[in-house]
Amino acid sequence: MKKFPSVVAFGLVAVVLLWATLMHPVLSAESPQADTKKQTAEKKSVRRNTVQVIIDYGDGVKKHFHQIKWKDKMTVQDVTVAASKHPRGIQIKQRGKKATAFLSQIDDLANNPRGRSWIYRVNGKQADRSFGICLVQTGDIVTWSYQTYP
């Protein structure tokens with residue numbers, strides 16, 4: 001007879017926990033908070049394995065490529081070429097390799113020695129080397145801007 005009250009108590013505890021899980025949104029797997037946390041984790045996972053590219057044409061128009069797949073030892077040149085291979089990508093003209101790589105045109109806008117040129121930044125920091133040797137890390141944002149060079 002002593003086992004009967006403990007079984008009832010266990011059952012009562014199980015019912016209370018089930019009720020609390022269903023009624024309390026933080027504990028429920030169907031809660032908006034749980035769904036938001038899952039989406040945030042998925043976004044962070046995507047950012048960990050990707051690089052972003054933004055093309056700023058300097059006239060108020062920008063193209064964004066949010067999910068360029070990142071690889072070890074990837075350069076800004078690799079990222080830019082990947083953006084050009086996207087189904088709605090960009091067209092680029094470049095020459096040289098590694099330290100001598102130079103981007104001369106994106107879409108219909110070519111560099112002009114007496115006017116505007118394509119300048120790149122990684123995470124807001126302006127480039128200080130060829131895009132053929134500048135390494136990017138997962139989660140980085142590469143921005144190409146058509147602007148007057150200072």
Side-chain angles (χ1 to χ4, degrees), residues 10-11 13-150:
F10 177 76
V13 169
V15 169
V16 169
L17 286 174
L18 178 62
W19 176 83
T21 301
L22 294 174
M23 297 308 291
H24 196 285
V26 173
L27 297 176
S28 172
E30 300 300 319
S31 75
Q33 292 90 347
D35 190 45
T36 302
K37 287 179 183 178
K38 181 180 177 186
Q39 289 174 349
T40 301
E42 288 172 356
K43 286 180 185 177
K44 286 181 181 178
S45 175
V46 167
R47 279 186 288 214
R48 276 194 296 252
N49 300 316
T50 62
V51 178
Q52 294 184 47
V53 179
I54 300 170
I55 309 299
D56 182 351
Y57 294 92
D59 60 359
V61 174
K62 294 181 182 180
K63 280 188 181 178
H64 294 256
F65 300 88
H66 294 284
Q67 295 185 6
I68 303 291
K69 186 171 174 149
W70 178 82
K71 296 179 266 186
D72 191 36
K73 298 183 182 178
M74 190 174 215
T75 64
V76 172
Q77 184 177 26
D78 298 329
V79 171
T80 306
V81 169
S84 75
K85 292 181 179 179
H86 187 279
R88 286 177 294 283
I90 55 175
Q91 294 179 354
I92 61 173
K93 288 187 181 176
Q94 60 179 341
R95 62 178 180 262
K97 294 180 182 178
K98 305 261 181 203
T100 63
F102 180 75
L103 182 92
S104 60
Q105 185 171 332
I106 297 178
D107 291 335
D108 62 345
L109 296 175
N111 290 341
N112 181 340
R114 294 185 200 125
R116 296 166 55 163
S117 297
W118 286 103
I119 309 296
Y120 80 87
R121 290 176 172 76
V122 177
N123 300 326
K125 183 178 177 190
Q126 188 166 323
D128 61 357
R129 64 194 72 168
S130 166
F131 80 126
I133 60 170
C134 182
L135 296 175
V136 293
Q137 300 301 317
T138 182
D140 282 352
I141 301 172
V142 175
T143 305
W144 282 99
S145 301
Y146 193 63
Q147 65 184 52
T148 303
Y149 189 74

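Everything numeric here is computed off the predicted structure, so don't read it as measured data.
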Nearest heavy-atom approach of Gln147 to Ile119 is CG-CG1, 3.7 Å
Quick check against the 3.5 Å criterion: does [X] have a side-chain atom that pairs as donor or acceptor with the backbone of [Y]?
X	Y	answer
Trp70	Val136	yes
Asn111	Leu103	yes
Tyr146	Ala110	yes

From [atom1] ([X]) to [atom2] ([Y]), nearest 0.5 Å:
X	Y	atom1	atom2	value
Asn123	Gln137	CG	CD	9.5 Å
Asn112	Gln105	CG	CD	11.5 Å
Ile133	Phe131	CD1	CZ	11.5 Å

So salt bridge (charged side-chain N to carboxylate O under 4.0 Å, His left out) across residues 118-127, not counting sequence neighbours, yields none
query: If we only count heavy atoms from C-beta on, is the Phe65 to Ile55 side-chain gap below 4.5 Å?
result: yes
Return a table of donor-acceptor pairs under 3.5 angstrom between the side chains of residues 80-87 and protein atoms on other chains or two or more places apart.
unit_1	atom_1	unit_2	atom_2	d
Thr80	OG1	Val76	O	2.8
Thr80	OG1	Trp144	NE1	2.9
Ser84	OG	Val81	O	2.6
His86	ND1	Arg88	N	3.0

| request: Name all residues meeting the side-chain hydrogen bond (donor to acceptor under 3.5 Å, both in side chains) criterion together with Ser117; count only those two or more places apart in sequence or in a different chain, and write none if there are none. | output: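 Ser117: no side-chain hydrogen bond (donor to acceptor under 3.5 Å, both in side chains) contacts found.
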Sorted by chain and residue number, the side-chain contact (heavy atoms from CB on, under 4.5 Å) partners of Lys69 (sequence neighbours excluded) come out as none
Atom pairs and distances, donor-acceptor, side-chain atoms in residues 90-102, under 3.5 Å, two or more places apart:
unit_1	atom_1	unit_2	atom_2	d
Gln94	OE1	Gln77	NE2	2.8
Thr100	OG1	Lys97	N	3.3
Thr100	OG1	Lys97	O	2.9

task = Just grab all the side chain to side chain donor-acceptor pair (under 3.5 Å) pairs involving residues 55-64, residues at least two apart or on different chains.
result =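 For residues 55-64, and leaving out neighbouring residues, the side chain to side chain donor-acceptor pair (under 3.5 Å) pairs sorted by first residue read Tyr57-Asp107.
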Determine, step by step, whether Val79 and Met74 satisfy the side chain to side chain contact (heavy atoms under 4.5 Å, CB included) criterion, reporting the C-alpha distance in whole Å, the side-chain angles of both residues, the deciding distance to 0.1 Å, and the verdict. CA-CA 7 Å; Val79 171; Met74 190 174 215; 3.8 Å; yes
